[in-house]
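Take a look at the structure set out below.
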Amino acid sequence: MSMLPIVSRGVKFPNLVKLIGSHNPATQANAIGLINNLLLKEKSTPITLDTVGNIREALRTYVQGRSATFGKEMKHEMYVFQVLTLNRLTPRAFQRYDPKNEAHVQMLQYLSDACFPEPVPSSGSRNSTTVAAATQGKKLGFTNNPPWSDFNETDRKS
């Protein structure tokens, strides 16, 4: 009998992120290895973008930030983590953007906030907010106004 279902129910990602903060390189490698195994074996294991961001931040802070050199095992585990998290996003990459879908709007807002953490200066009118969003979109390489319409254009080209 596989222990993975039991482990995946009992082990939570935030607890594993705390273990990445350990001063022991073996504990760090084991924590990221367990995260990778959970992601690999249980495709349905729920993991949010915030959790992925927290794991990446912990890796930057506690692994990469502490020393310029780390073992082959940790390099491998970090590579596997990157591949697994990117592969989970592949189906969403081919999903057409729908401005009426609240999840799509929230994701676009999340990305916008990540790129531009400062609030958009506006006079409060919808028009000035749209202009500010278009200006920010141009900085990121979007060509259309509103910027999200670039997603639909990409869909038509394929």
Side-chain angles (χ1 to χ4, degrees), residues 1-120 133 136-142 146-155 157-158:
M1 181 176 149
S2 172
M3 295 297 290
L4 188 63
I6 296 167
V7 172
S8 64
R9 281 192 306 270
V11 176
K12 304 296 179 212
F13 286 110
N15 295 338
L16 293 172
V17 172
K18 290 176 188 172
L19 290 175
I20 293 172
S22 166
H23 290 286
N24 183 332
T27 301
Q28 292 173 328
N30 288 337
I32 193 69
L34 184 53
I35 289 169
N36 289 340
N37 279 314
L38 290 171
L39 292 175
L40 183 64
K41 302 291 184 197
E42 293 285 322
K43 301 266 189 243
S44 62
T45 300
I47 185 168
T48 64
L49 282 177
D50 287 337
T51 301
V52 170
N54 291 341
I55 295 169
R56 285 195 180 127
E57 185 59 33
L59 289 171
R60 272 193 296 273
T61 303
Y62 300 114
V63 177
Q64 293 174 327
R66 285 196 181 148
S67 70
T69 61
F70 40 90
K72 291 179 183 178
E73 181 67 23
M74 181 54 89
K75 287 180 184 178
H76 172 74
E77 294 297 349
M78 290 171 62
Y79 169 78
V80 171
F81 175 74
Q82 190 70 20
V83 169
L84 290 171
T85 54
L86 289 175
N87 284 345
R88 282 177 168 242
L89 296 175
T90 301
R92 286 179 28 194
F94 296 103
Q95 198 175 49
R96 190 177 170 100
Y97 179 79
D98 179 6
K100 295 176 184 152
N101 183 325
E102 187 62 31
H104 291 184
V105 172
Q106 286 177 351
M107 178 55 65
L108 196 57
Q109 186 61 48
Y110 174 84
L111 294 172
S112 176
D113 292 345
C115 293
F116 303 103
E118 298 297 318
V120 177
Q136 288 180 338
K138 296 279 186 209
K139 289 179 185 176
L140 293 176
F142 288 98
W148 58 261
S149 62
D150 281 8
F151 296 124
N152 294 337
E153 185 175 290
T154 308
D155 185 51
K157 289 179 184 174
S158 52

message: Return the CG to CD1 distance between Asn37 and Ile32, rounded to the nearest 0.5 Å.
response: 10.5 Å
field: Pairing residues for Glu57 by the salt bridge (charged side-chain N to carboxylate O under 4.0 Å, His left out) criterion, not counting sequence neighbours
entry: Arg60
message: Name the residue from Ile35, Thr51, Val52, Ile55 that meets the side chain to side chain contact (heavy atoms under 4.5 Å, CB included) definition with Thr85.
response: Val52
task: Can you sort out the partners of Asn101 under side-chain contact (heavy atoms from CB on, under 4.5 Å), two or more places apart, ordered by chain and number?
output: Asp98, Ala103, His104
query: Is Leu38 close to Leu16 at the side-chain level, that is, under 4.5 Å between some pair of heavy atoms?
result: yes
task: To the nearest 0.5 Å, tell me how far Ile20 CD1 sits from Asn30 CG.
output: 11.5 Å
task: Give a yes or no answer on whether the side chain of Glu73 reaches the backbone of Ala29 with a donor-acceptor pair at less than 3.5 Å.
output: no
Quiz: residues 76-84 side-chain donor-acceptor pairs under 3.5 angstrom, not counting sequence neighbours:
residue	atom	partner	partner atom	Å
Glu77	OE1	Asn36	ND2	2.8
Gln82	OE1	Arg56	NE	3.4

message: Once rounded to the nearest 0.5 Å, what's the spacing between atom CG of Leu39 and atom CG of Leu34?
response: 9.5 Å
